[in-house]
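All remarks here apply to the structure that follows.
By convention in this document, chain letters (A, B, ...) are assigned in the order of the sequence lines, proteins followed by strands, and residues within each chain are numbered from 1. Every heavy atom of this structure was used, including side-chain atoms; hydrogens, water molecules and symmetry mates were not.
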Amino acid sequence: MTFCITCSDAAEPMHVEAIAGNGATATCVDGAGHRSEVMLDLVPGTGVGADVLVHAGVALLVVEPAR
Amino acid sequence: MKFVDEYRSAELGAALSEKIAGLVDPGRHYKIMEVCGGHTHTIYRYGVADLLPANVELVHGPGCPVCVIPMGRVDDAIAIAGDPRVILTCFGDMMRVPGGSGSLIEAKAAGADVRMVYSPLDALRMAQANPDRDVVFFAVGFETTAPSTALTLMRAKAEGVRNFFVYCNHVTIVPPIRALLESPDLRLDAFIGPGHVCTVVGARPFHFIPAEYGKPVVISGFEPLDVLQSVYMILTQLADGRCEVENQYKRVVPHEGNTQAFRVLSDVFALRPHFEWRGLGFISQSALALSPAYADFDAELRYRIPGVRVADPKACQCGEVLKGVIKPWQCKVFGTACTPEHPIGTCMVSSEGACAAYYNFGRFARRGQEPVVAELAS
């Protein structure tokens with residue numbers, strides 16, 4: 001998927017793979033298998049296995065799991 | 001892939017297109033502005049405009065944060081990068097935006113330490129890995145991106161990082177929309193609202209558009225069927241004589257936005273009295289600066305910044321494109337002197353800028369309909 005990382009209005013669904021000790025930072029993986037560090041502050045209580053919408057290193061919200 | 005495939009179905013698109021054709025008044029011309037660059041990209045990439053009747057015109061708005069940064073701010077970033085202590089970090093597209101004296105990528109070629117990052121958090125990690133250098137993050141973006149910068153600054157403060165700074169150019173979406181609504185040379189019928197900005201701010205900030213200006217707003221997702229359905233919802237409102245904020249992107253956007261993000265933004269940022277927008281001039285209370293609590297991280301306080309206002313190149317008509325007054329291909333330098341490889345104006349830099357989106361996806365579809373300008377360069 002081509003999108004502009006700079007644009008304020010692009011966000012990418014990612015899967016929470018692991019959460020660091022304090023619960024506020026996670027390792028997430030995108031559809032292409034790329035991993036990155038994501039801040040979970042705006043979606044408190046999110047656990048491993050959740051799907052989140054990520055923009056510029058921040059999970060903006062939790063998306064419902066694929067059925 | 002869920003959330004993608006079902007929004008790209010050709011059959012559903014054709015059915016929606018037919019329903020839209022049945023809704024329009026043939027004697028009326030409809031002008032609908034998509035505020036966000038993400039929508040502009042989708043419209044050109046998937047040919048959404050081809051599925052609409054000829055009298056429904058999509059006007060491309062100012063919602064690409066790269067495109068609205070004035071040249072003077074780029075020059076200021078280059079000046080910061082010129083300090084030998086500094087590693088200047090920014091998102092990829094920002095490196096190619098031309099200022100009055102070149103772009104950041106040219107400054108990098110000339111020896112400045114400019115590096116691309118995918119998030120402000122990457123820049124913070126770079127600062128921690130390079131304790132003897134200053135790492136400055138050139139922050140751009142609307143309300144969707146600002147929380148990322150804010151949360152990174154909160155981490156920098158909590159972790160006691162002293163060599164991380166932010167050159168803040170975050171902007172807010174509502175003031176430029178109001179400025180466009182007040183603009184006499186642009187008469188719009190409705191707005192397609194910026195979906196991901198609304199995940200943060202919610203739908204409420206847009207209620208003034210129907211309430212004060214009598215124009216419908218539909219907050220939209222970014223797949224082609226999202227945009228098409230939003231156009232359908234807008235035309236339905238106009239046909240019914242209704243005028244309200246509707247949310248087409250309910251699968252993602254909660255009406256109230258993200259209250260946690262609001263809190264974070266108000267802790268870290270303060271509204272600037274005014275800020276210059278490319279093509280729109282100075283707009284009051286339209287941008288964010290770091291709040292006094294984060295003054296230690298403010299690059300504008302740490303470095304000597306020229307702050308010189310630079311006029312756009314005469315040939316470039318980004319301003320008119322950003323206001324939706326002209327289409328990209330109507331610009332004098334489009335596709336000839338100004339291309340994605342050698343952009344003169346900001347709209348040609350980011351893939352969501354109207355000119356780049358049209359150059360990459362739309363120019364061949366129009367062949368034969370418009371004076372051949374786009375093809376000259378290729």
Side-chain angles (χ1 to χ4, degrees), chain A, chain B residues 1-4 35-39 41 45 63-67 90-94 116-122 125 140-152 154-155 170-171 173 194-200 222 251-254 258 260-261 264 349-353 356 360:
Chain A
M1 183 167 135
T2 316
F3 70 92
C4 162
I5 185 72
T6 329
C7 175
S8 66
D9 236 10
E12 187 177 24
M14 295 185 92
H15 188 73
V16 180
E17 206 172 55
I19 295 183
N22 61 4
T25 309
T27 302
C28 291
V29 58
D30 68 12
H34 299 130
R35 283 174 178 74
S36 53
E37 191 180 7
V38 170
M39 297 183 273
L40 296 180
D41 306 57
L42 303 186
V43 288
T46 302
V48 171
D51 289 313
V52 288
L53 198 63
V54 176
H55 172 76
V58 173
L60 292 176
L61 49 89
V62 180
V63 292
E64 67 177 271
R67 284 188 291 266
Chain B
M1 186 178 167
K2 191 172 161 60
F3 298 124
V4 173
V35 174
C36 171
H39 291 138
H41 185 88
R45 183 169 185 187
C64 164
V66 172
C67 305
C90 62
F91 294 136
D93 282 348
M94 213 52 233
M116 187 188 101
V117 290
Y118 285 102
S119 77
L121 193 58
D122 290 349
R125 297 291 175 243
V140 298
F142 287 90
E143 286 90 335
T144 333
T145 323
S148 179
T149 304
L151 289 169
T152 303
M154 290 167 93
R155 275 171 171 65
H170 283 301
V171 286
I173 193 71
H196 291 148
V197 164
C198 294
T199 59
V200 173
F222 293 87
R251 66 184 186 279
V252 165
V253 174
N258 188 319
Q260 182 73 19
V264 166
V349 175
S350 158
S351 64
E352 303 201 347
N360 288 327

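Between the side chain of A:Asp30 and the main chain of A:Glu12, no donor-acceptor pair closer than 3.5 Å is present.
Using modelled atom types, one finds no donor on one side chain facing an acceptor on the other under 3.5 Å when comparing B:His170 with B:Thr145.
Between chain A and the options B:Pro147, B:Ser148, B:Ala261, B:Gly353, the largest number of non-hydrogen pairs under 4.5 Å is found for B:Ser148.
A distance of 6.0 Å or more separates the ring centres of B:His196 and B:Phe142.
Heavy atoms closer than 4.5 Å to chain A are found in the side chain of B:Val264, but not in its backbone. Neither the backbone nor the side chain of A:Ser36 comes within contact range of chain B, judged by heavy atoms closer than 4.5 Å. Residue A:Leu60 touches chain B through both its backbone and its side chain, counting heavy-atom pairs closer than 4.5 Å. Neither the backbone nor the side chain of B:Thr149 comes within less than 4.5 Å of any heavy atom of chain A. When heavy atoms are compared at a cutoff of 4.5 Å, B:Val252 approaches chain A by way of both its backbone and its side chain.
Annotation for B:Val200 and B:Thr144: closest pair CG2-CA, 4.0 Å, computed over non-hydrogen atoms.
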Inset, instruction - Apply side chain to side chain contact (heavy atoms under 4.5 Å, CB included) to A:Val63 and A:Leu61, showing your working. - result: CA-CA 6 Å; A:Val63 292; A:Leu61 49 89; 3.8 Å; yes
